[in-house]
J.: 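My questions all concern the structure below.
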Amino acid sequence: MGAMLMLSLASTSAQADTFTLNGINTGVTGTVNITQLSNNLLTVTIKNTSTGIVQGKITSIGFDLPGSAGPFTLVSSTNPNYRLVTDVAGNASGINRTFEIAMLTGPNFNGGGNPNRGIIEGASATFTISGNFTGFSQQQIASGMFLRFQDVNAGAGSDVARCAGCAPPPEVPEPATMVLLGTGLAGLAGAVRKRRNAAKME
């Protein structure tokens with residue numbers, strides 16, 4: 001029984017949230033799945049989900065992290081065309097950001113190079129980056145990520161996708177918490193009733 005509980009807890013803690021990033025000006029989309037955020041390592045899988053009417057290739061990935069961290073090193077990448085660069089300016093789609101980290105296939109975040117070197121439609125790539133990520137949550141990392149799309153609809157179009165709805169989901173209280181809350185409210189009501197009765201007797 002104890003071993004089963006430990007296994008259950010281990011699998012829960014290893015769970016990663018999936019965040020959806022949407023194009024600012026077009027319908028391009030991508031997902032971000034953070035599978036590791038510990039021991040000074042960040043492992044993130046990015047999937048290009050622009051496989052419908054609007055399509056495009058992810059040629060740059062920017063990380064606008066809260067505060068300062070680093071230095072950063074690219075430990076591994078399933079797409080060898082990306083390189084890690086720090087302190088990168090990005091003003092595509094008017095986002096006006098300076099990225100602590102950026103994964104680039106071209107000369108800069110905004111574009112350049114062959115779009116087919118990036119993450120093509122329906123494909124994904126996984127990156128492991130070392131650095132000081134202490135105190136960062138998955139939600140903070142995802143909300144600071146921007147995906148640069150080029151070759152949108154097999155043409156000269158481009159866009160940037162961001163995680164506009166990356167607010168953490170509201171916490172659902174556990175049953176035990178609800179019982180404690182109910183008990184506390186009942187106790188508070190009893191104390192108020194006693195005070196009223198005492199005031200009447202005076």
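Residues take their numbers from the sequence shown, with the count starting at 1.
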J.: Do the side-chain N and O atoms of Asn132 and Thr134 include a donor-acceptor pair separated by under 3.5 angstrom?
T.: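 A pair is found: one side chain offers a donor N or O, the other an acceptor, under 3.5 Å apart.
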J.: Between Arg148 and Ser158, do the side chains contain an N or O donor and an N or O acceptor separated by less than 3.5 Å?
T.: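 Yes, side-chain donor-acceptor contact under 3.5 Å.
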J.: Are Ile95 and Ile58 connected in the hydrophobic side-chain network, where two residues link if heavy atoms are under 4.5 Å apart?
T.: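 Ile95 does not cluster with Ile58.
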J.: Verify whether one side chain among Thr51 and Glu121 offers a donor that lies under 3.5 Å from an acceptor in the other.
T.: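 There is no such pair (donor and acceptor under 3.5 Å, judged by atom type) between the side chains of Thr51 and Glu121.
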J.: Do the side chains of Ile119 and Ile101 join up, straight or via other hydrophobic residues, at under 4.5 Å, putting them in one cluster?
T.: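 Result: yes, single cluster for both.
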J.: With Phe99, which residues qualify under ring pair (Phe, Tyr, Trp, His ring centres under 6.0 Å), at least two apart?
T.: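 Only Phe109, Phe146 meet the ring pair (Phe, Tyr, Trp, His ring centres under 6.0 Å) criterion with Phe99.
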J.: Tell me, with the steps shown, if Thr59 and Thr105 meet side chain to side chain donor-acceptor pair (under 3.5 Å).
T.: CA-CA 6 Å; Thr59 56; Thr105 59; 4.7 Å; no
J.: Between Thr98 and Val88, is there a side-chain heavy-atom distance shorter than 4.5 Å?
T.: no
J.: Contact between Leu42 and Ile141 at the side-chain level, heavy atoms closer than 4.5 Å - yes or no?
T.: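 With C-beta onward as the side chain, the pair touches.
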J.: Taking C-beta and beyond as the side chain, do Ser124 and Ile46 meet within less than 4.5 Å on heavy atoms?
T.: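 They are not in side-chain contact.
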J.: Shortest non-hydrogen contact from Arg117 to Asn79?
T.: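 Looking at all heavy atoms of both residues, the shortest contact is O-ND2, 3.3 Å.
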J.: Working to the nearest 0.5 angstrom, can you tell me the gap between Arg83 CZ and Leu104 CG?
T.: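 Rounded to the nearest 0.5 Å, the CZ-CG separation comes out at 5.0 Å.
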J.: Who clusters with Leu41? Use side-chain heavy atoms, under 4.5 angstrom, across I, L, V, M, F, W and Y, and order the result by chain and number.
T.: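 Noted: Leu41 shares its cluster with Val75.
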J.: Does any N or O in the side chain of Ser143 come within less than 3.5 Å of the main-chain N or O of Gln140, such that one atom is a donor and the other an acceptor?
T.: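 Yes: the side chain of Ser143 pairs with the backbone of Gln140.
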J.: Cluster question for you: counting only ILVMFWY and a side-chain heavy-atom cut-off of under 4.5 Å, with indirect links fine, are Leu74 and Leu65 together?
T.: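 Yes, Leu74 and Leu65 fall within the same hydrophobic cluster.
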J.: Taking all heavy atoms of Gly56 and all of Asn48, pick out the closest pair and write down the distance.
T.: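 In terms of heavy atoms, the two residues are closest at O-ND2, 2.7 Å.
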J.: Could you check if a side-chain atom of Gln55 sits within less than 4.5 angstrom of a side-chain atom of Val152, using non-hydrogen atoms only?
T.: no
J.: Can you tell which of Asn25, Thr26, Val28 makes a side-chain contact (heavy atoms from CB on, under 4.5 Å) with Phe149?
T.: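 The side-chain contact (heavy atoms from CB on, under 4.5 Å) with Phe149 is passed solely by Val28 among Asn25, Thr26, Val28.
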J.: Looking at CG of Asn110 and CG of Asn91, how far apart are the two atoms once the value is rounded to the nearest 0.5 Å?
T.: 4.5 Å
J.: Between Asn33 and Thr45, is any side-chain donor less than 3.5 angstrom from a side-chain acceptor?
T.: no
J.: For Gly113 and Pro107, work out which heavy atoms get closest and say how close.
T.: N-CD, 4.0 Å
J.: Would Cys163 and Met145 satisfy side-chain contact (heavy atoms from CB on, under 4.5 Å), going step by step from the backbone distance to the final call?
T.: CA-CA 7 Å; Cys163 194; Met145 288 183 66; over 6 Å; no
J.: Can we call the ring centroids of Phe133 and Phe72 under 6.0 Å apart?
T.: yes
J.: Checking side-chain contact (heavy atoms from CB on, under 4.5 Å) for the pair Thr31/Leu21: CA distance, chi angles, key distance, verdict?
T.: CA-CA 6 Å; Thr31 60; Leu21 281 67; over 6 Å; no
J.: With side-chain contact (heavy atoms from CB on, under 4.5 Å) as the test, would you mind laying out the steps for Met103 and Val85 before giving the verdict?
T.: CA-CA 6 Å; Met103 305 297 303; Val85 185; over 6 Å; no
J.: Using a 4.5 Å cut-off on heavy atoms from C-beta on, say whether the side chain of Asn40 contacts that of Ser130.
T.: no
J.: Using side-chain heavy atoms (C-beta onward) and a distance below 4.5 Å, is Thr73 in contact with Ile129?
T.: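 Not touching, per the 4.5 Å side-chain cut-off.
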J.: Within this structure, what is the CG-OG distance for the pair Asn96 and Ser93, rounded to the nearest 0.5 Å?
T.: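 Between Asn96 CG and Ser93 OG, I get 10.5 Å after rounding to 0.5 Å.
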J.: If every non-hydrogen atom of Tyr82 is compared with every non-hydrogen atom of Gly118, which pair is closest and at what distance?
T.: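 Smallest interatomic distance, heavy atoms only, reads OH-CA, 3.5 Å.
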J.: Apply the test side-chain contact (heavy atoms from CB on, under 4.5 Å) to residues Thr18 and Val32: give CA-CA distance (whole Å), side-chain angles for both, the deciding distance (0.1 Å), then the verdict.
T.: CA-CA 6 Å; Thr18 299; Val32 169; over 6 Å; no
J.: Are the side chains of Glu100 and Phe63 in touch, meaning some heavy atoms are under 4.5 Å apart?
T.: no
J.: Kindly give the heavy-atom pair with the smallest separation between Leu37 and Phe136, and that separation in Å.
T.: CD2-O, 3.2 Å
J.: Would you give the length of the straight line joining atom CZ of Phe127 to atom OG of Ser76, rounded to the nearest 0.5 angstrom?
T.: 9.5 Å
J.: On a heavy-atom basis, which atom in Thr126 and which in Thr78 lie closest, and how many Å separate them?
T.: N-OG1, 2.8 Å
J.: Taking Thr49 for its side chain and Thr29 for its backbone only, find out whether a donor-acceptor pair lies under 3.5 Å.
T.: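 At least one qualifying donor-acceptor pair exists.
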J.: Once rounded to the nearest 0.5 Å, what's the spacing between atom CD1 of Ile61 and atom CG of Leu147?
T.: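 Interatomic distance, Ile61 CD1 to Leu147 CG, rounded to 0.5 Å: 6.5 Å.
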J.: Considering only heavy atoms from C-beta outward, does the side chain of Asn153 approach that of Val54 to under 4.5 Å?
T.: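 Heavy-atom side-chain distance check passes, below 4.5 Å.
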